[in-house]
Number of protein chains: 2
Amino acid sequence: MAIPRAAKTQRRTRIQEEKGEQILEAALEVFSQHGFRGTTIDQIAEVAGMSKPNLLYYFRTKEAMHRALIDRVLDTWLDPLRAFDAEGNPETEIRSYIRRKLEMARDFPRESRLFANEVLQGAPHIEDELKGPLKTLVDEKAEVIRAWTRAGKIAKCDPYHLIFSIWSTTQHYADFDVQVRAVLGQNLSGDGRFEDAARFLEQLFVDGLMPRHREPATEGDEAVSGR
Amino acid sequence: MAIPRAAKTQRRTRIQEEKGEQILEAALEVFSQHGFRGTTIDQIAEVAGMSKPNLLYYFRTKEAMHRALIDRVLDTWLDPLRAFDAEGNPETEIRSYIRRKLEMARDFPRESRLFANEVLQGAPHIEDELKGPLKTLVDEKAEVIRAWTRAGKIAKCDPYHLIFSIWSTTQHYADFDVQVRAVLGQNLSGDGRFEDAARFLEQLFVDGLMPRHREPATEGDEAVSGR
DNA sequence: GTTGTAATTTACCAATCGGTCAAATTATCA
DNA sequence: TGATAATTTGACCGATTGGTAAATTACAAC
């Protein structure tokens, strides 16, 4: 990944491997917090514990660091969607997709914010990835969902908006972490918070919010939706 | 709002009113696109069609412009939530809250991105507003929702996560506009797109995605959720 | 060891940043 | 009309920015 400009050999040394890693880790920290334009190489250098020219020995430009980060992260970021299985039970698939996305929001909030920053500011560096691999994957999974509705396995609904809504509800906990903490006092890492959020979202996507009306008898208290 | 530092009188002239307006409009355009740190005063000046020192005649610092923008926008931004009526019919209230938020995402995407940028980067300038007025309002409306669940009018669910999910799903169309356009080819302003999104979200929040099972007979095709 | 390359740092550069200042221009109103 | 205050601008400042040049140090192979 990191190819020092002064390197005369093509082989990558152990140090190149390690330092490249170290830099990207620091870059993720800073880029995800301040966005591309708000990040300075000096900030990354300080977090990485090396000098600015040393960073630029491994990555020629600030943009190269950003690029390398995006490339590395985008793939794993789309993994949960790839795991969406056409053969599986729709309800189970949706539930576990929600959980997987929520786990990523909890465990990799910086990666989520890196993308959020980028997309929010018009995706000047990743437009191709959005229109290419991402769109392709979404189209593919949208077709899976459409097949489910055709088979009557889930309610008739727009598959694209469904995917958008799962993305937005789950990533919200990473991207708007400050707001969540301001309102809730804690984020997804807080005690029991993850389960709270997961249960709510599963219920929302499976049953919606209106009390189920299996029987005409709608007796006062027992309004919990049966699952 | 804009109080020129050289002003000897306290009265605000017509010019001050107009230019202040003009500057904030330009500032919204640029801040919402690049975030606070990514925005330069020169950029705002160019969009506003005046010189940099002239901007600084009306707003002493870049931060003052940002501050004025936030203050002006935050209030109207929370209006839809304020309209949430405890006396109303829960289903109707939720449906119209979703629609109102979706309309704002369509009609005021820059305002949405202004906040998104700010919150995403740790809300360094609006932390007080989040922990103060915003939290207060959310707590109040959460109590309304809780009352509804107690009365069995809606399913038992966490009111805070419900509010988060409405925020995230609707604002997604403004904040991640580039991504939406990359996947869908159009955004909410596109022909019929608003209705598509609105209908999907209403269905999601009211009925969820599983086909309704009023009768034990789950006959193949007719899986559209009732109502 | 010696030698050649990889890795690191110090010092630096041109461009841009937020912001100031004094002077020039324009609006206001007695 | 003239005087006074409000508005606007060009020139400029110190600090910070992304990035470079060159010299120095660490290291691996012989």
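No hydrogens, no waters, no symmetry mates; every other heavy atom, side chains included, goes into these values. Chain letters run A, B, ... following the sequence lines, proteins first, then strands; residues in each count from 1. Please read these numbers as outputs of a predicted model, since none were measured by experiment.
- Closest to the A:Tyr58 side chain, of the nucleotides C:dC17, D:dG19, C:dT8, is C:dT8.
- For A:Ser51, counting side-chain heavy atoms from C-beta on, the closest listed nucleotide (D:dG19, C:dT9, D:dT9) is C:dT9.
- Note on A:Tyr57: a side-chain N or O is less than 4.0 Å away from OP1 or OP2 of C:dA7.
- Between A:His66 atom NE2 and D:dG19 atom P the separation is 13 Å, expressed in whole Å.
- The salt bridge (charged side-chain N to carboxylate O under 4.0 Å, His left out) contacts involving residues 35-58 of chain B comprise B:Asp42-B:Lys52, where partners must be two or more places apart or lie in separate chains.
- Residue A:Lys19 places at least one side-chain N or O under 4.0 Å from the OP1 or OP2 atom of C:dT8.
- Rounded to a whole Å, the CG atom of A:Leu56 is 18 Å from the P atom of C:dA6.
- Ring-centre distance between B:Tyr173 and A:His161: below the 6.0 Å cut-off.
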| Given the rule that a pair is Watson-Crick or G-U wobble with both distances under 3.5 Å, how would you write DNA chain D in dot-bracket, using | for pairs to a different strand? | ||||||||||||||||||||||||||||||

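- Of the candidates D:dG18, D:dG19, C:dG19, the closest approach to any side-chain atom of A:Thr61 belongs to D:dG19.
- Within the structure, a side-chain polar atom (N or O) of A:Asn54 is placed less than 4.0 Å from OP1 or OP2 of C:dT9.
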Identify all pairs in which a protein N or O lies below 3.5 Å from an N or O of nucleotides 11-13 of chain D, and state each distance.
none

